[in-house]
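A quick write-up on the structure given underneath.
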Amino acid sequence: VQLQACGGGLVQAGDSLRLSCAASGRTLSGYTMGWFRQAPGKEREFLAAVTRNARNNVRTTYARSGKGRFTISEDNARNLTYLQMNSLKPEDTAVYYCAAGSEGTFYHGPTRLEEYNSWGQGTLVTSPA
């Protein structure tokens with residue numbers, strides 16, 4: 001699976017931004033897509049994940065840090081996964097990564113980096129103080 005993340009940029013505090021992740025070589029079901037971010041000098045942290053099973057049931061989960069402000073969604077037919085970010089703050093400044101894993105990733109540990117098989121190159125979001 002190859003992933004391409006885009007949509008980052010320079011934003012002001014309080015702005016909204018939607019990141020996109022295009023996946024190629026991925027199945028249309030039986031997967032988990034996750035969003036992570038890495039701020040300067042910090043470890044990569046989990047933000048949100050979505051999983052779709054073979055019956056096309058979709059589930060999502062969020063880190064506490066982004067719950068209420070970040071929303072993960074997808075356009076399955078186009079192999080796109082989104083991260084809608086609202087009320088951005090300076091502390092949201094980071095490189096944002098999308099990642100792909102199996103359906104099991106969601107149930108075994110969607111917050112763990114090692115559960116994901118593929119990673120995008122990252123897109124930078126900057127929200128100056």
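For this chain, numbers begin at 1 and follow the sequence in order. Everything numeric here is computed off the predicted structure, so don't read it as measured data.
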Tightest non-hydrogen contact, residues Asn53 and Ser29, listed as O-CB, 3.3 Å

| field | Close side-chain approach of Leu17 and Leu88, heavy atoms under 4.5 Å | value | yes

Rounded to the nearest 0.5 angstrom, the OG1-CD distance for Thr123 and Gln4 is 9.0 Å

Separation between CD (Glu74) and CE (Met33), nearest 0.5 Å, reads 8.5 Å

(message) When you group the ILVMFWY residues by side-chain heavy-atom contacts below 4.5 Å and let the links chain together, are Leu113 and Tyr107 in the same group?
(response) no

One should read off an interatomic distance between Thr27 OG1 and Asn76 CG, to the nearest 0.5 angstrom, of 8.5 Å

Taking every heavy atom of Thr61 against every heavy atom of Phe106, the minimum-distance pair comes out as CG2-CE1, 3.7 Å

Note: Leu19 and Gly8 closest approach over all heavy atoms is CD2-N, 3.6 Å

Shortest non-hydrogen pair, Asn56 vs Leu28, comes out as OD1-O, 4.3 Å

Return all side-chain donor-acceptor pairs below 3.5 angstrom for residues 38-51, not counting sequence neighbours, or 'none' if the list is empty.
from, atom 1, to, atom 2, distance (Å)
Gln38, OE1, Arg44, NE, 3.3
Gln38, OE1, Arg44, NH2, 3.4
Gln38, NE2, Lys42, O, 3.1
Glu45, OE2, Arg37, NE, 2.6
Glu45, OE2, Arg37, NH2, 3.1
Thr51, OG1, Tyr31, O, 2.8
Thr51, OG1, Thr32, OG1, 3.2

**Message:** Is any side-chain heavy atom of Trp35 closer than 4.5 Å to one of Cys21?
**Reply:** yes

Exercise for review: Take atom CZ of Arg59 as the centre, draw a 6.0 Å sphere, and report whether it contains more than 12 heavy atoms from other residues, nucleotides or ligands.
Suggested key: no

The complete set of side chain to side chain donor-acceptor pair (under 3.5 Å) pairs with one or both residues in residues 77-90, sequence neighbours excluded, reads Ser16-Asn86, Arg26-Asn79, Gln84-Asn86

Problem set entry | Side-chain donor or acceptor of Thr126 paired with backbone N/O of Leu10 under 3.5 Å | no

Discussion item. Just checking Glu114: does its CD atom have more than 12 heavy atoms from other residues, nucleotides or ligands closer to it than 6.0 angstrom?
Written reply: yes

Value for CG (Leu83) from OH (Tyr62), rounded to nearest 0.5 Å, stands at 8.0 Å

Gly34 and Tyr116 have their tightest heavy-atom pair at N-CE2, 3.8 Å

Note to self: Could you check whether any side-chain heavy atom of Leu124 comes within less than 4.5 Å of a side-chain heavy atom of Tyr96, counting everything from C-beta outward?
What the structure shows: no

### Query
Hey, quick one: are Leu80 and Ile72 part of the same hydrophobic cluster, counting side-chain heavy atoms closer than 4.5 Å, chains of contacts allowed?
no

Heavy-atom nearest pair, Cys98 first then Leu3, reads O-CD1, 3.7 Å

Flag if over 12 foreign heavy atoms under 6.0 Å of CD, Gln121: yes

